[in-house]
Amino acid sequence: MPRPKNLEEKARISHIAFRLLVEKGLNETSYTDIAEAADITKSMAQYYFPSKEDLMELFLQECYEQVRQIVESNPYFQERSAFENYYAVLYVQYAFLFANPKVELLCEDILNSRVYTENFIKRSVRWLYEHIDLSDPVFAGTVEGAVEFSLGGIFNYIWYAKREKRHISARELSDKGLRVIELLAGLDFGMPDVPQQLTDEWVYGCVDKLNAYFFQ
């Protein structure tokens, strides 16, 4: 019977590994690199993370959780609609993952993997469904498909923008995504184009917090 993993040690190793992923990308980061940086054996690194893909999944999961906590702890968003909060969660994630020079190599890894992009979409849908009234027939069976289609289109947009070396605006991505959901689901969220709280100063302050959490 395998011995239980030490969660504190796993967290320590994972954050050291995240810094390596940022510097070298997933493919170029080896277990030997992780072991040397964390001052552990290679077998210990593999014990905690049997595959490097496990590391990437943990990174995306922690990213989602940290962004969610940032948004939900802001008093402004505690008074807003579910879709305004959803917009904010996506906005900060886009700014951190896809418009952040710090994670350029990780961004490439995410965009080149259907598994990672699908998990990003599933987490976003799950968050939204935790915050809207599923008993409302307006939402049931229509919003989920619209959200999945919207996010899938956004990932294609980001992929081509990266290939063509075009600037990616987190605000533009969030606006486009929400408008597609409105169109496909036949809804009108009645939101201003940009919620009041989502100033560049606030959003990129969030990005700075995320960079510090993961990479310092």
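Atom OG1 in Thr29 sits 12.5 Å away from atom CZ in Arg19 (nearest 0.5 Å). A distance of 13.5 Å separates OH in Tyr48 from CG in Leu58, rounded to the nearest 0.5 Å. Leu55 contributes atom CG, which lies 8.0 Å from atom CG of Leu26 (distance to the nearest 0.5 angstrom). Between atom SG of residue Cys63 and atom CG of residue Leu106 there is a gap of 10.0 Å, rounded to the nearest 0.5 Å. The distance from the CD atom of Glu62 to the NE2 atom of His15 is 4.0 Å, given to the nearest 0.5 Å. Here NZ of Lys52 is found 7.0 Å from OG of Ser30. Values are rounded to the nearest 0.5 Å.
Under a hydrophobic-cluster definition in which Ile, Leu, Val, Met, Phe, Trp and Tyr are linked whenever side-chain heavy atoms come within less than 4.5 Å, directly or via other members, Tyr64 and Tyr87 are assigned to the same cluster. Hydrophobic clustering, with ILVMFWY side chains joined whenever heavy atoms are under 4.5 angstrom apart, groups Tyr76 together with Leu198. Hydrophobic clustering places Phe215 together with Phe98 (ILVMFWY residues linked when any side-chain heavy atoms are closer than 4.5 Å, directly or through intermediates). Following chains of ILVMFWY side-chain contacts shorter than 4.5 Å, one cannot reach Tyr213 starting from Ile16, and the two form parts of different hydrophobic clusters. Clustering ILVMFWY residues whenever any of their side-chain heavy atoms sit less than 4.5 angstrom apart, transitively, puts Leu184 in a cluster other than the one holding Phe155.
Taking each heavy atom of Gly152 and Ile121 in turn, the nearest pair found is N-CD1, 3.9 Å. Minimum heavy-atom separation, Gly25 to Leu105: N-CD1, 3.6 Å. Contact detail for Gly177 and Ile154: the closest heavy-atom pair is N-CD1, 3.9 Å. Between Asp33 and Glu28, the shortest heavy-atom contact is OD2-O, 3.6 Å.
Relative ring orientation between Tyr94 and Phe120 is described as parallel, the plane-to-plane angle staying below 30° on a 0-90° scale split at 30° and 60°. Ring-plane geometry between Phe96 and Phe214 is classed as parallel, the angle between the planes falling under 30 degrees on a 0 to 90 degree scale with a further cut at 60.
A donor-acceptor pair is defined here as one N or O able to donate and one able to accept, closer than 3.5 Å; such a pair exists between the side chain of Ser174 and the backbone of Ala170. In this structure, Ser73 contributes its side chain and Gln69 its backbone to a donor-acceptor pair below 3.5 Å. With hydrogens and angles ignored, the 3.5 Å screen pairs a side-chain donor or acceptor of Tyr31 with a backbone N or O of Pro50. Checked by atom type and distance alone, the side chain of Gln46 never pairs as donor or acceptor with a backbone atom of Ser51 at under 3.5 Å. Remark: side-chain polar atoms of Asn119 are not paired, donor with acceptor, to backbone N or O of Tyr116 under 3.5 angstrom.
Here the side chains of Leu90 and Leu178 are not in contact, with every heavy-atom distance at 4.5 Å or above. Residues Leu97 and Phe59 form a side-chain contact, since some pair of their non-hydrogen atoms from C-beta on lies under 4.5 Å apart. With contacts defined as side-chain heavy-atom distances shorter than 4.5 Å, the pair Leu210/Val92 qualifies. Using a 4.5 Å heavy-atom threshold, the side chains of Gln61 and Arg123 count as touching.
For Glu118, the CD atom sits in a packed shell: over 12 heavy atoms of surrounding residues, nucleotides or ligands are nearer than 6.0 Å. Counting non-hydrogen atoms of other residues, nucleotides and ligands closer than 6.0 Å to CD of Gln78 gives a total above 12.
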Exercise for the section: Give the C-alpha distance, both sets of side-chain angles, the deciding distance and a yes or no for side chain to side chain contact (heavy atoms under 4.5 Å, CB included) between Lys102 and Val207. Expected result: CA-CA 10 Å; Lys102 184 80 172 177; Val207 171; over 6 Å; no
Handout entry: Verdict with reasoning, Tyr204 to Asn100, per side chain to side chain donor-acceptor pair (under 3.5 Å)
Key = CA-CA 9 Å; Tyr204 288 99; Asn100 180 8; over 6 Å; no
Handout entry: Intermediate values then yes/no, side chain to side chain contact (heavy atoms under 4.5 Å, CB included), Met56 and Asp109
Key = CA-CA 9 Å; Met56 181 65 85; Asp109 290 328; 3.5 Å; yes
Problem - Derivation and outcome, side chain to side chain contact (heavy atoms under 4.5 Å, CB included), residues Glu9 and Ile40 - result: CA-CA 10 Å; Glu9 179 70 352; Ile40 58 174; 3.8 Å; yes
Practice task
Walk me through it: do Arg179 and Glu172 pass the test salt bridge (Lys or Arg N to Asp or Glu O under 4.0 Å)?
Solution key: CA-CA 11 Å; Arg179 300 308 168 225; Glu172 180 186 8; over 6 Å; no
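The ring pair (Phe, Tyr, Trp, His ring centres under 6.0 Å) with Phe77 is formed by just one residue from the set Tyr86, Trp202, Tyr91; it is Trp202.
Residues in residues 152-169 take part in these salt bridge (charged side-chain N to carboxylate O under 4.0 Å, His left out) pairs, two or more places apart or across chains: Glu104-Lys162, Glu108-Arg163, Glu164-Arg166.
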